[in-house]
S.K.: 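What follows is a single structure, and I will ask about it in a moment.
Treat the numbers as computed from the prediction; the structure is a model and nothing was measured. A, B, ... follow the sequence lines: proteins, then strands. Residue 1 opens every chain.
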Protein chains: 2
Amino acid sequence: MREGPDIARIASLVGDPARANMLSALMGGTALTASELALEAGVSLPTASSHLSKLMEGGLLTLASQGRHRYYGLAGPQVAGMIEAITGVAEAVGPKRVRPGPRDAAMRVARVCYDHLAGEQAVAMLDRLVDRNVLVRDDKEIRLGPSAASHFAALGIDVEAKARRPVCRACLDWSVRRSHLAGTLGAAILDKILAEKWARREKDSRAVVFSPTGKQAFEKVFLA
Amino acid sequence: MREGPDIARIASLVGDPARANMLSALMGGTALTASELALEAGVSLPTASSHLSKLMEGGLLTLASQGRHRYYGLAGPQVAGMIEAITGVAEAVGPKRVRPGPRDAAMRVARVCYDHLAGEQAVAMLDRLVDRNVLVRDDKEIRLGPSAASHFAALGIDVEAKARRPVCRACLDWSVRRSHLAGTLGAAILDKILAEKWARREKDSRAVVFSPTGKQAFEKVFLA
DNA sequence: GCGACACTTCGAGCATGGTCGAAACATTGC
DNA sequence: GCAATGTTTCGACCATGCTCGAAGTGTCGC
């Protein structure tokens, strides 16, 4: 008999269709209310509420109460990374889905992963940052390189800002099957992309769509 | 309602304690038989068999039939990565486990991996055998070198003995993260270590403990 | 205060699926 | 051939936990 961390408990939390739908919805990065999540999951409000308390108890969600609204969000990037990893396996072993539609294609190119950018663009960006020695990766770890502070300061991003969360983290991309950049730096870069209006979020989707000029600007800064 | 890859299906496969234990056991990289896995999971053989067919159907395992033995293994690194991600969350969220005891330390040094030796000693042994050209490794394959037959004959091990199972196999060591020697040769070496009483198996554990003189003998033969 | 709204708790119904013993099947060794 | 061993299938039992309607708690606007 095995011991150690109770992985079955965590996996079974994700293993219910209603809860899996809720978690997928929360992968967009915005906190949602119980009613919104009930709608996403296709269950009644009482059922949703019961699922949410289970997810809370399991430590997968955080709760922010604001008046009579209660906003549920993913507990952190580690949880997001886990969902992403499970999604990757589901995609790989699942029955080949119907021919990928346009939204799928957009998702593969760029999408939100909790609070940072994922997809081909994000993977390419991390590769390039490592090539240029701005970031350094040891096996699974990613650290700041010597020129990181000045490089990101030019973009208005302060990598020195103290934070509980690690500045850099690797997050496995389900569509490309390679890592992209998570952590506070990943979040700050996504913020910048949206703030500069290089790209906008697709309605009701995790897809992130770059405008032609925005794409040029992004590539100039991160893929040059 | 959400669409896309069926993450609930995959997660629920991992979400059963028996199956989670089996998958954890397989994280070592060695394929195991149904009986071994039943033991690991603490369930009866019929129950284990039922779980295994579900995991197979879900695409999480591969099966290698060899005579009346059927070896189950993880379907690939992506699946292993997913298990690792879930384990990480479970560890972060769950109660902190008790500080690793002496048995854990012993396990890292040397332990049984189904029928052969694993752990630091085993990894060092394989490295040395390859250095001395007794064995030759191409990428993930391990083959017998020119001097293998005479070298092992001196130890009373006949590497020419016909067997369905490969004579040499690489097996990924979970504690060292490098390969050690499996296959009939790996099994024969473990047999010799135990037969010569260089080491004994710890009760109810996979740990293998060398006696002081046994360790010297082992090192003289395999690590010199 | 009193409705309106957001959400949770309670209770009961119900399906899914985990469990094992017994028996069937398959392969090996003699 | 027959016995021994490893594994799967079958059948029946049973617990877990998902589900929703109805009722209860808390918060806001007026």
Side-chain angles (χ1 to χ4, degrees), chain A residues 1-2 6-23 25-26 30-58 60-73, chain B residues 1-2 6-26 30-58 60-73 114-115 161-165 184 187:
Chain A
M1 188 89 91
R2 293 256 143 191
D6 193 351
I7 89 172
R9 176 157 173 271
I10 301 302
S12 68
L13 282 174
V14 188
D16 175 84
R19 287 193 294 261
N21 283 332
M22 291 174 171
L23 292 167
L26 292 172
T30 42
L32 299 172
T33 65
S35 334
E36 290 170 319
L37 289 166
L39 202 67
E40 284 285 350
V43 294
S44 73
L45 238 157
T47 302
S49 184
S50 147
H51 285 307
L52 289 169
S53 56
K54 275 169 193 162
L55 288 170
M56 282 296 295
E57 199 181 354
L60 265 46
L61 298 185
T62 53
L63 174 58
S65 283
Q66 282 174 19
R68 56 182 165 180
H69 295 270
R70 295 166 67 101
Y71 290 94
Y72 289 93
Chain B
M1 189 86 92
R2 293 257 140 190
D6 194 351
I7 89 172
R9 176 159 173 270
I10 301 303
S12 68
L13 282 174
V14 187
D16 175 84
R19 287 193 293 261
N21 283 332
M22 291 174 171
L23 291 167
S24 294
L26 291 171
T30 317
L32 299 172
T33 64
S35 334
E36 274 274 331
L37 288 165
L39 202 67
E40 284 285 350
V43 294
S44 72
L45 242 156
T47 302
S49 184
S50 148
H51 286 308
L52 289 169
S53 54
K54 276 168 193 162
L55 289 170
M56 282 296 294
E57 200 181 355
L60 264 45
L61 297 185
T62 53
L63 174 58
S65 282
Q66 284 172 15
R68 58 181 164 182
H69 296 269
R70 296 167 67 105
Y71 291 93
Y72 290 93
Y114 183 51
D115 64 356
K162 66 290 151 206
R164 302 263 176 80
R165 289 179 56 192
T184 52

S.K.: Could you run down the sub-3.5 Å N/O contacts of the protein with nucleotides 13-22 of chain C?
M.R.:
residue, atom, partner, partner atom, Å
C:dG18, OP1, B:R19, NH2, 3.2
C:dG18, OP2, B:K54, NZ, 2.5
C:dT19, OP2, B:H51, NE2, 2.6
C:dC20, OP2, B:S44, N, 3.2
C:dC20, OP2, B:S44, OG, 3.2
C:dC20, OP2, B:T47, OG1, 2.7

S.K.: Check every strand shown and say whether A:T33 touches a base, only sugar-phosphate, or nothing at a heavy-atom separation below 4.0 Å.
M.R.: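 Sugar-phosphate contact only.
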
S.K.: Would you kindly give the CG-to-P distance between A:L52 and C:dA6, to the nearest whole Å?
M.R.: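 The answer, rounded to whole Å, is 16 Å.
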
S.K.: Between B:L37 and B:A25, which heavy-atom pair has the shortest distance, and what is it?
M.R.: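 That would be CD2-CB, 4.2 Å.
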
S.K.: Determine whether a donor-acceptor pair (N or O, by modelled atom type, separation under 3.5 Å) exists between the side chain of B:R19 and the backbone of B:L13.
M.R.: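 Such a contact is found between B:R19 side chain and B:L13 backbone.
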
S.K.: Provide, to the nearest angstrom, the distance between the CD atom belonging to B:E57 and the P atom belonging to D:dT9.
M.R.: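 Distance check: B:E57 CD to D:dT9 P gives 11 Å.
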
S.K.: CG of B:L63 to CE of B:M56: how many Å apart, nearest 0.5 Å?
M.R.: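 Between B:L63 CG and B:M56 CE, I get 5.0 Å after rounding to 0.5 Å.
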
S.K.: Mind calculating the distance between CG (A:L55) and C1' (C:dT8) to the nearest angstrom?
M.R.: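 Between C1' of C:dT8 and CG of A:L55: 15 Å.
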
S.K.: Is the distance from OP1 or OP2 of C:dT27 to the nearest side-chain N or O of B:R70 less than 4.0 Å?
M.R.: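 B:R70 to C:dT27 OP1/OP2: no side-chain N or O under 4.0 Å.
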
S.K.: Could you state the CE-C1' distance from A:M22 to D:dC18, rounded to the nearest angstrom?
M.R.: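 These atoms are roughly 12 Å apart.
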
S.K.: Can you tell me if the side-chain N/O atoms of A:Y72 get under 4.0 Å from OP1 or OP2 in C:dA6?
M.R.: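 Result: no.
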
S.K.: Without decimals, in angstroms, what is the distance between A:L61 CG and C:dT8 C1'?
M.R.: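 Atom CG in A:L61 sits about 16 Å away from atom C1' in C:dT8.
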
S.K.: So A:Y71, base contact, sugar-phosphate only, or nothing? Heavy-atom distance under 4.0 Å.
M.R.: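 A:Y71: no heavy atom of the nucleic acid under 4.0 Å.
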
S.K.: Give the minimum heavy-atom separation between A:I10 and A:G58, together with the two atoms involved.
M.R.: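 Reported closest heavy-atom pair: CD1-O, 4.1 Å.
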
S.K.: How close or far is atom P of D:dT8 from atom CG of B:L37, stated in whole angstroms?
M.R.: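 Spelled out: CG on B:L37 to P on D:dT8 is 10 Å.
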
S.K.: Tell me the closest heavy-atom pair linking A:Y72 and A:L26, and the distance in Å.
M.R.: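 Nearest heavy atoms, A:Y72 then A:L26: O-CD2, 3.3 Å.
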
S.K.: Looking at every heavy atom in both A:A8 and B:A20, which two are closest together, and how far apart are they?
M.R.: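 The answer is CB-CB, 3.7 Å.
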
